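Here's the structure, in structure tokens; my notes come after.
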Amino acid sequence: MAMERNSPVCLEDDMDGSCIKEALNRFQGVRNPKIRWLMWHLAFVLLFGVALALIFTRDRYITYVSMILAVALSLFAFEELIRSIPKALGDLWYQGLLAEKSLGESVGGRPLNLDSNSVASLEENISSNAEALPKNDAEFEDQFFNFIKSIEDSLNRPIMQFLFGSSFLVVLLSRSIYEFWKWLPNDFSSGLIYKAGGYDALFEGIKLHSTVYLVEYSIAEPFKFWTGILLEPFLGSILGLVAWRMFVTARYIDKLGQSFDLTPKLEHPDRSGGLGSLGKLSLINALIIGIWGTFLGGWIVLGSITKYGEFYVPLYKVLLALPVVMSIICFFSPLWNIHIKMTKIKDESRKECCKIGSNIDILARRRLSSALLMKNEDTEADKHIDEMKRVYEGYKNRPVWPFNYKIFLAFITSQIVPLLGLTGLATPIVNVVGSLMEFISQLTGR
Amino acid sequence: MSYINLKRRILIFVALLLILQGSMAEKTSADWMNISATFFSQGNEEIALQSIGESLELDPGNPEAWINKGQILSGMKQWEKAIGCYDKAIELDPLVSDAWYNKGFALDELDQYQKAFECYDTATILDPRNWRAWNRKGIALRNLGRSEEAIESYEKAIVISPKFAPAWSNKVIALSYLERYEEALYCSNRTIEIRSKNREYLSQAYIDKGLVLMLLKRPDDAIACFDEAINESIGERRIWTAWFSKGVALKSMGKYALAESSFDKAREQRLGGDPRALLMKNLKNGLGM
């Protein structure tokens, strides 16, 4: 059995492209095998739990069950995120979309030499420009290899994972702490005891009430109690690990634009110059947060229409702004620098566009003169003009964002429910739909 | 048949009789108010609410009926709805002191102390002899951190009704917060004197005195008071506060073992049994063992 390597290790002498391939093949977003196993399987366990809860408790804990469902969906989306990182890096590398960072030179590949007026020289220019596609030389390969390694190391940084895990653990434990706090004052006697007894009294008071809370509340609300002190903190720590990796992914998308020059392709089928994989990474990042926005927004809408979760609606209204804002930041912020670079590339290509326009003019004039001289050279000239028009259009419509309309549409769709919840537009819409349905049923009834 | 079941059956029977009577003779708004008051005093809030609803349907312009409805809703801890009823009563007659007083009470429960204070203030202006309103005004002022003014309010209540123990008791707390311990001790003695007559809340009065003595650095005397409180509250669930206070006093004296046994007692009394045994029992029940 082959030994599994935990990180891409490559000697500098081996730099022949296979090293990058190996690094990408062996890329591990979650290096620890136990945590990896847990994260990949937990979503299924949670889904199973959701199904069981729906069968046995029906709608009794529907809000809670939907929260578990949101965790499961987040984990599925996270798995997709981790799988997409090496894919995206591979796309960038193999399509030659990255180039070594240059100082002061123009970005976006070598410009075409379009000063010549002849068709022959134009063809020569096109072939020479094709040769000018960025070469992945050893030094650059080494640079990219280190970049991949740096992402992998950052994703698996133990201290940060611990910090994020602990922070999210505390955040998700806060429901239990909040409930204990709300429960506490009802049982406290006058505050005079704490003035008379000082910290000793306070310490003993908390100790006594914690015991009472543990004994009484654990039997009065066993589901809420045990999930509050065991399941939620556990899920919180897992979500913390997810959050850290989302943060690293966003940071490195941004860093990619700073560490390398980008060479987006003209007329790339992904309609984003070949950089669509970066847009997709940002989309998944935003979708993970969007799941929570949908959860909160959904319950704001449902809570005001049905009796379910009505108690939590004011809390959800306060919390919802966070995932909506975070989702937008998570989607656009890492791509912003890349967008600036792509805009710069587009601006620079305007000059080339003008030259293509001049060449089209020359060819068109030549065709006109051929027609006047009754020469049969039109077909060849037409082909050239059509080709150049196509190139011109390609330059003119160069994308300036590393995502296409499909990715953008997916992002906007994920924000519909949260925005409806946030703006309070959902209830009137639901009312109108309800009235409409009633009207239709009355009509059909007649 | 248990006593509670018998009581419930009698109530249902009375309710049926009243409904039957209602079908035979037209009732006035005042009749429904009386029926509502009867059921409310018997703790049957649902029927009381229905009855007061009937009364208000016949005479929606009666502020007293709105106050009664608010009181029933307050009894059901539906504070927001109760405030709505008191507002309606105030709208009909802004000079009814009771509406302001009850509204203040509901606002207190919602932790809206400033608004509660304003309501009690209006109630005392409309009826300066309302000692309960003066007392509640004092509580609202203390909650707002205005202990000096709170004491003045309690004193007003005491002047009107010198044997009104809650005002004395609240004054003890306010004086203690202002570190006027000797005055607080005098007030706690007065509270004990008044409460000794019907023994209601007597244990709490002893606890308050014990705490004042602790603040006066007299822990031995304080422990004696807590023991009195324990003796007074045998059989009551609130006895745990006396044990707890005794534990705190013992700990302040460095008697840790005794203090710990007091805290254990407090835990047991608060829970009605040994915490570990109860937890195990709960776990077994929960697991269906």
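Throughout, protein chains are lettered first and strands after them, A, B, ... in sequence-line order, and every chain is numbered starting at 1. Everything quoted here is computed from the prediction, not taken from an experiment.
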### Task
Might you point out which heavy atoms bring A:Lys195 and B:Leu215 nearest each other, and give the distance in Å?
O-CD2, 3.7 Å
### Task
To the nearest 0.5 angstrom, please state how far the CG atom of A:Leu208 sits from the CD atom of B:Gln269.
11.5 Å
#### Entry: Heavy atoms of other groups near B:Tyr186 OH, more than 12 under 6.0 Å
no
### Task
Report the distance from atom CZ of B:Arg276 to atom OG1 of A:Thr211, rounding to the nearest 0.5 Å.
9.0 Å
### Query
Is the number of heavy atoms from other residues, nucleotides or ligands within 6.0 Å of CE (A:Met39) greater than 12?
yes
### Task
Look up atom NZ in A:Lys207 and atom CZ in B:Phe244, then write down how far apart they are to the nearest 0.5 Å.
10.0 Å
### Task
Can you tell which part of B:Glu268 gets under 4.5 Å to a heavy atom of chain A, answering side chain, backbone, both or neither?
neither
### Message
A quick test of your reading: do over 12 heavy atoms of other residues, nucleotides or ligands sit less than 6.0 Å from OH of B:Tyr201?
### Response
no
### Message
Nearest 0.5 Å, please: how far is CG in A:Leu192 from CD1 in B:Ile173?
### Response
6.0 Å
### Query
Run the side-chain contact (heavy atoms from CB on, under 4.5 Å) check on B:Arg270 and A:Glu216 step by step: do they pass?
CA-CA 10 Å; B:Arg270 173 66 184 79; A:Glu216 285 188 345; 3.3 Å; yes
### Query
Would the number of heavy atoms belonging to other residues, nucleotides or ligands and lying under 6.0 Å from CD of B:Glu46 be above 12?
no
### Contact origin within A:Tyr199 toward chain B - heavy atom pairs under 4.5 Å
neither
### Query
What's the spacing between A:Glu204 CD and B:Ser245 OG if we round to 0.5 Å?
12.0 Å
### Message
On a heavy-atom basis, which atom in A:Val215 and which in B:Pro275 lie closest, and how many Å separate them?
### Response
CG2-O, 3.8 Å
### Task
Report the distance from atom CG of A:Leu214 to atom CG of B:Leu271, rounding to the nearest 0.5 Å.
9.5 Å
